Participant: 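Mind looking over this structure? Questions follow.
Treat the numbers as computed from the prediction; the structure is a model and nothing was measured. Lettering follows sequence order; numbering is per chain, from 1. The basis for the numbers below is simple: all heavy atoms, side chains too, and nothing from hydrogens, waters or symmetry mates.
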Amino acid sequence: MPVNIFHTATRKKETFKPVNDGMVGIYVCGITAYDICHIGHARAAVVFDVVVRHLRARGYRVTYVKNFTDIDDKIIDRAKKEGVAFTDISERFIKFHNDDMAALGVETPTITPKATEHMDDMIALIGVLVEKGFAYAVDGDVYFAVDKFHQYGRLSGRNLDEMLAGARVDVNDKKKNPMDFALWKASKEGEPFWESPWGKGRPGWHIECSAMSRRYLGETFDIHGGGEDLIFPHHENEIAQSQAATGKPLANFWMHNGFVKINSEKMSKSLGNIFPIREILKNYHPEVLRLFMLQSHYRSPVDYSTDSLNESRAGLIRCYAALQQIKEIPEVSAGNDETSTGVKDYIDKITEAVENFDAALDDDFNTARGLGYVFEVVRLVNNSAIAGKNAATESKAAVFREAKKAFEHFGAILGIFRDDPDQFFANDKKMECGKRGLNMAEIEDLIKGRQEARIARNWEKADEIRNRLAALHVLLKDSKEGTTWSIE
RNA sequence: GGCGGCAUAGCCAAGUGGCUAAGGCAGCGGUCUGCAAAACCGUUAUUCUCCGGUUCAAAUCCGGAUGCCGCCUCCA
């Protein structure tokens with residue numbers, strides 16, 4: 001089954017064909033390290049994490065490059081404000097980023113290059129552009145001349161005249177054309193700088209990606225990704241720089257993930273609605289956040305709210321309850337009962353769900369559809385557990401074994417189901433109690449009291465205690481083994 | 001002003017020409033249970049914002065209207 005990918009430049013799904021058979025080179029624009037990562041960064045990271053995981057599962061050898069912008073105006077500003085070196089800022093936030101990504105279960109990319117470590121590559125590339133007449137130097141700045149590159153605007157579907165008509169471009173009389181963008185900026189007094197043929201300065205924002213993708217993935221590679229806000233101007237400019245220099249296409253597929261909105265509003269500093277990843281993870285299991293993101297297609301906008309996160313939590317709980325059921329598979333010699341019709345039926349359905357899941361991912365990484373099949377297996381597990389209550393343990397084990405395999409597969413692609421089910425529920429309880437300021441020991445005491453009342457068949461008292469707990473959103477579950485509880 | 005996207009049940013969300021319009025959350029009825037919870041079974045959109053058109057056939061294609069959103073400035 002081929003993988004189909006929506007290509008931003010053509011606005012169509014196209015069959016993926018790698019430059020080199022069996023290999024994939026993918027470059028994703030990472031963060032500018034000047035602040036804590038928020039939920040928007042989380043989405044981009046999770047989306048491309050799943051893209052890479054699925055391509056690997058499909059047998060491709062993937063080289064995944066995600067850069068750090070560690071020199072930039074915003075980093076310099078913050079360093080000035082704090083009175084520290086710019087490297088203090090970039091290093092601090094790269095570390096925070098790495099911690100957040102690890103917490104989210106995002107696999108580390110193959111290569112995570114930093115802009116400051118590729119100055120020579122950038123300067124060389126700018127040199128080529130000047131030499132070929134695509135760029136010009138003015139007073140220590142170097143600008144790319146957009147009208148020299150005739151394909152400018154092709155990725156984002158714009159043309160220069162239209163953009164100039166709307167014209168909210170910055171005033172800068174050094175530029176020949178207002179749409180020209182900086183490849184190199186002369187440094188001001190007291191700012192960090194690197195030596196270059198044009199004097200002391202630092203690179204423009206876009207050039208680092210052109211230089212680093214070329215170094216690690218070659219002149220033309222397979223997939224270039226990022227948030228949809230990067231389509232213009234960042235990716236447009238990358239294309240201009242790279243293709244002007246090499247005369248070859250930069251990437252064959254451009255993928256862009258949609259934005260995270262907050263309660264239907266754009267996330268922005270002025271609205272004060274920026275949610276750092278680490279804040280959210282204080283209150284929710286990281287997989288809740290992943291599930292929330294993956295329940296929508298990666299190109300659609302996603303609307304973050306406490307309610308929607310709670311819904312995802314409920315869904316994840318449903319999955320983990322099924323995982324808990326199949327955690328202990330009875331040890332039996334396989335074979336005996338596996339051919340009985342009921343068992344075969346379940347196994348066939350699970351196999352089919354896994355195939356459908358893979359097909360959904362092949363279709364432009366449709367995780368939302370894929371999750372439908374995950375929940376189908378959840379239902380099959382619960383269903384077979386009931387139907388097989390009195391069945392031979394061999395039958396049950398056969399179905400559970402198949403389901404376990406399926407969940408391992410789903411989890412490996414989506415980056416969820418990595419927790420032990422008992423651990424998951426214990427953790428969930430602790431988190432929810434913390435959120436609501438509930439005392440776990442007190443709850444346990446009340447439950448103990450109810451248990452005594454139940455043994456004495458004092459249903460009235462038992463129910464009274466349960467109602468009291470219910471008012472605190474504590475939900476009880478009685479079983480033969482005893483009473484367990486969770487937070488609603 | 002220019003470019004683009006979206007509109008599917010109470011909510012979230014797949015589906016882009018043809019089997020009964022996935023799935024999750026919430027609700028309702030039933031089974032189970034001392035009663036519950038969980039789980040299971042059943043149920044909740046004769047219809048996909050509206051109006052026209054193409055077609056044997058449209059949520060799906062085309063045209064128009066309305067509403068919402070994004071980009072054009074740093075941004076995942």
Participant: Going by centres under 5.5 angstrom and planes under 30 degrees, do the aromatic ring of F375(A) and the base ring of rG23(B) stack?
Facilitator: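 Check failed, F375(A) does not stack on base of rG23(B).
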Participant: Can you tell me how far C1' of rC72(B) sits from CE of M179(A), to the nearest Å?
Facilitator: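 Going from M179(A) (CE) to rC72(B) (C1'), I get 8 Å.
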Participant: State the pairing partner of rU73(B); accept Watson-Crick or G-U wobble contacts with both distances under 3.5 Å, and report none otherwise.
Facilitator: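 rU73(B) is unpaired by these criteria.
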Participant: By the 4.0 Å heavy-atom rule, please label L475(A) as base, sugar-phosphate, or nothing.
Facilitator: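 Sugar-phosphate, backbone atoms only, no base.
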Participant: Remember a base hit wins even if backbone is also touched, and classify Y373(A) as base, sugar-phosphate or nothing at under 4.0 Å, heavy atoms.
Facilitator: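 Touches nothing.
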Participant: Counting only Watson-Crick or G-U wobble pairs whose two distances fall under 3.5 Å, which nucleotide matches rC19(B)?
Facilitator: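 In the structure as shown, rC19(B) has no Watson-Crick or wobble partner.
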Participant: Determine which nucleotide pairs with rC35(B), using a 3.5 Å limit on both distances of a Watson-Crick or G-U wobble pair.
Facilitator: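 With both distances under 3.5 Å required, rC35(B) matches none.
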Participant: Do Q295(A) side-chain and rG24(B) base share a donor-acceptor contact under 3.5 Å?
Facilitator: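 No, no donor-acceptor pair under 3.5 Å.
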Participant: Less than 6.0 angstrom separating the ring centers of H235(A) and H256(A), yes or no?
Facilitator: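 Distance test on ring centres: under 6.0 Å, yes.
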Participant: Under 4.0 Å, heavy atoms only, any strand: does G40(A) hit a base, just the sugar-phosphate, or nothing?
Facilitator: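 Base contact - G40(A) has a heavy atom under 4.0 Å of at least one base atom.
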Participant: Hey, is the side chain of K266(A) poking within less than 4.0 Å of OP1 or OP2 on rC71(B), counting only N and O atoms?
Facilitator: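 Answer yes for this pair, as a side-chain N or O of K266(A) is under 4.0 Å from OP1 or OP2.
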Participant: For N263(A) and rC11(B), what is the distance between atoms CG and C1' respectively, to the nearest whole Å?
Facilitator: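 N263(A) atom CG is separated from rC11(B) atom C1' by 14 Å.
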Participant: I want to check one thing: is the phosphate of rA39(B), taken as OP1 and OP2, less than 4.0 Å away from some side-chain N or O of S479(A)?
Facilitator: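 Answer is no, no contact under 4.0 Å.
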Participant: If you round to the nearest 0.5 Å, how far is SG of C209(A) from OH of Y27(A)?
Facilitator: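 Reported to 0.5 Å precision, the distance equals 3.5 Å.
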Participant: With a 6.0 Å cut-off on the ring centroids, do F144(A) and H206(A) count as close?
Facilitator: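 F144(A) vs H206(A): aromatic centres not under 6.0 Å.
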Participant: Determine, step by step, whether D35(A) and R78(A) satisfy the salt bridge (charged side-chain N to carboxylate O under 4.0 Å, His left out) criterion, reporting the C-alpha distance in whole Å, the side-chain angles of both residues, the deciding distance to 0.1 Å, and the verdict.
Facilitator: CA-CA 9 Å; D35(A) 210 343; R78(A) 184 147 187 167; 3.4 Å; yes
Participant: Taking the six-membered ring for Trp, is the centroid-to-centroid distance between F417(A) and F410(A) below 6.0 Å?
Facilitator: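 No, the ring centres sit 6.0 Å or more apart.
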Participant: Is the distance from OP1 or OP2 of rG5(B) to the nearest side-chain N or O of R11(A) less than 4.0 Å?
Facilitator: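 So the side chain of R11(A) is outside the cut-off, no N or O lying under 4.0 Å from OP1 or OP2 of rG5(B).
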Participant: What does rG29(B) pair with, Watson-Crick or G-U, if both distances are under 3.5 Å?
Facilitator: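 Per the H-bond distance test, rC41(B).
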Participant: With sugar-phosphate meaning primed atoms plus P, OP1 and OP2, does R379(A) contact a base, only sugar-phosphate, or nothing at under 4.0 Å between heavy atoms?
Facilitator: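 Result for R379(A) = sugar-phosphate.
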Participant: How far does the C1' atom of rU8(B) sit from the matching atom of rA22(B), given to the nearest Å?
Facilitator: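 Taking atom C1' in both rU8(B) and rA22(B), they lie 12 Å apart.
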Participant: Measuring from the side chain of K74(A) (C-beta onward, heavy atoms only), which nucleotide among rC74(B), rC71(B), rA76(B) has the closest atom?
Facilitator: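 Ranking rC74(B), rC71(B), rA76(B) by closest atom to the K74(A) side chain puts rC74(B) first.
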Participant: Please classify the nucleic acid contact of A321(A) as base, sugar-phosphate, or nothing, using heavy-atom distances under 4.0 Å.
Facilitator: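 Nothing, no nucleic acid heavy atom in range.
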Participant: Which nucleotide, if any, forms a Watson-Crick or G-U wobble pair with rU55(B), using both distances under 3.5 Å?
Facilitator: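 Checking every strand shown, rU55(B) finds no partner, since no pair has both distances under 3.5 Å.
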Participant: Please check the phosphate of rC41(B) (OP1 and OP2 only) for any side-chain N or O of N383(A) closer than 4.0 Å.
Facilitator: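 Yes, because at least one side-chain N or O of N383(A) sits under 4.0 Å from OP1 or OP2 of rC41(B).
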Participant: Could you check whether K435(A) makes a cation-pi contact with Y284(A), meaning its NZ or CZ is under 6.0 Å from the centre of the six-membered ring and within 45° of the ring axis?
Facilitator: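 Ring-cation test returns yes.
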Participant: Do Y143(A) and N177(A) have side-chain N/O donor and acceptor atoms under 3.5 Å apart?
Facilitator: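 Absent: no donor and acceptor within the cut-off.
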Participant: Going by purine N1 to pyrimidine N3 plus the second Watson-Crick contact, or the G-U wobble pair, all under 3.5 Å, which nucleotide sits opposite rG67(B)?
Facilitator: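 Matched rG67(B) with rC6(B) under the 3.5 Å cut-off.
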Participant: Pick the C1' atom in rC68(B) and in rC50(B), then give their distance to the nearest Å.
Facilitator: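 It works out to 15 Å between them.
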Participant: Compare the minimum distances between each of rA76(B), rG34(B), rC12(B) and the side chain of R454(A), then state the nucleotide with the smallest one.
Facilitator: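 The closest nucleotide is rG34(B).
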Participant: Which of these nucleotides, rG34(B), rC40(B), rC75(B), is closest to any side-chain atom of I386(A)?
Facilitator: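 Closest nucleotide among those given: rC40(B).
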Participant: Just call it for S312(A): base, sugar-phosphate, or nothing, with non-hydrogen atoms closer than 4.0 Å on any strand.
Facilitator: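 Contact class for S312(A): none.
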Participant: Compare the minimum distances between each of rA14(B), rC69(B), rG34(B) and the side chain of K261(A), then state the nucleotide with the smallest one.
Facilitator: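 For K261(A), the side-chain atoms sit closest to rC69(B).
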Participant: Looking at N366(A), does any N or O in its side chain come under 4.0 Å of the phosphate oxygens OP1/OP2 on rG15(B)?
Facilitator: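 True: N366(A) side-chain N/O within range (under 4.0 Å) of rG15(B) OP1/OP2.
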Participant: Give one of base, sugar-phosphate or nothing for H234(A), where a contact means two heavy atoms less than 4.0 Å apart.
Facilitator: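 No contact at all - H234(A) keeps every heavy atom at 4.0 Å or more from the nucleic acid.
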Participant: Quickly, which of R466(A), Q451(A), R450(A) forms a side-chain hydrogen bond (donor to acceptor under 3.5 Å, both in side chains) with D478(A)? Name it, please.
Facilitator: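 The option that passes is R450(A).
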Participant: Side chain of I31(A): nearest nucleotide among rA13(B), rG34(B), rA76(B)?
Facilitator: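 Nearest listed nucleotide: rA76(B).
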Participant: If you check the A314(A) side chain, which of rA14(B), rC25(B), rA76(B) turns out closest?
Facilitator: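 For the A314(A) side chain, the nearest candidate turns out to be rC25(B).
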Participant: How would you label the contact of Q325(A) with the nucleic acid (heavy atoms, under 4.0 Å): base, sugar-phosphate, or nothing?
Facilitator: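 Since no nucleic acid heavy atom lies under 4.0 Å of Q325(A), the category is nothing.
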Participant: Closer than 4.0 Å, any side-chain N/O of W205(A) to the OP1 or OP2 of rC75(B)?
Facilitator: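 Checking rC75(B) against W205(A), a side-chain N or O does come within under 4.0 Å of OP1 or OP2.
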Participant: Can you tell me how far C1' in rU44(B) sits from the matching atom in rA26(B), rounded to whole Å?
Facilitator: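 These two C1' atoms come out 11 Å apart once rounded.
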Participant: Using a heavy-atom cut-off of 4.0 Å across all strands, would you classify R313(A) as base, sugar-phosphate, or nothing?
Facilitator: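 Nothing, no nucleic acid heavy atom in range.
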Participant: By nearest atom, which of the nucleotides rG34(B), rC11(B), rA76(B) is closest to the H41(A) side chain?
Facilitator: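 Shortest atom-to-atom distance from the side chain points to rA76(B).
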Participant: Can you find a side chain N or O atom of R299(A) that sits less than 4.0 Å from OP1 or OP2 on rA14(B)?
Facilitator: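 No, because none of the side-chain N or O atoms of R299(A) sits under 4.0 Å from OP1 or OP2 of rA14(B).
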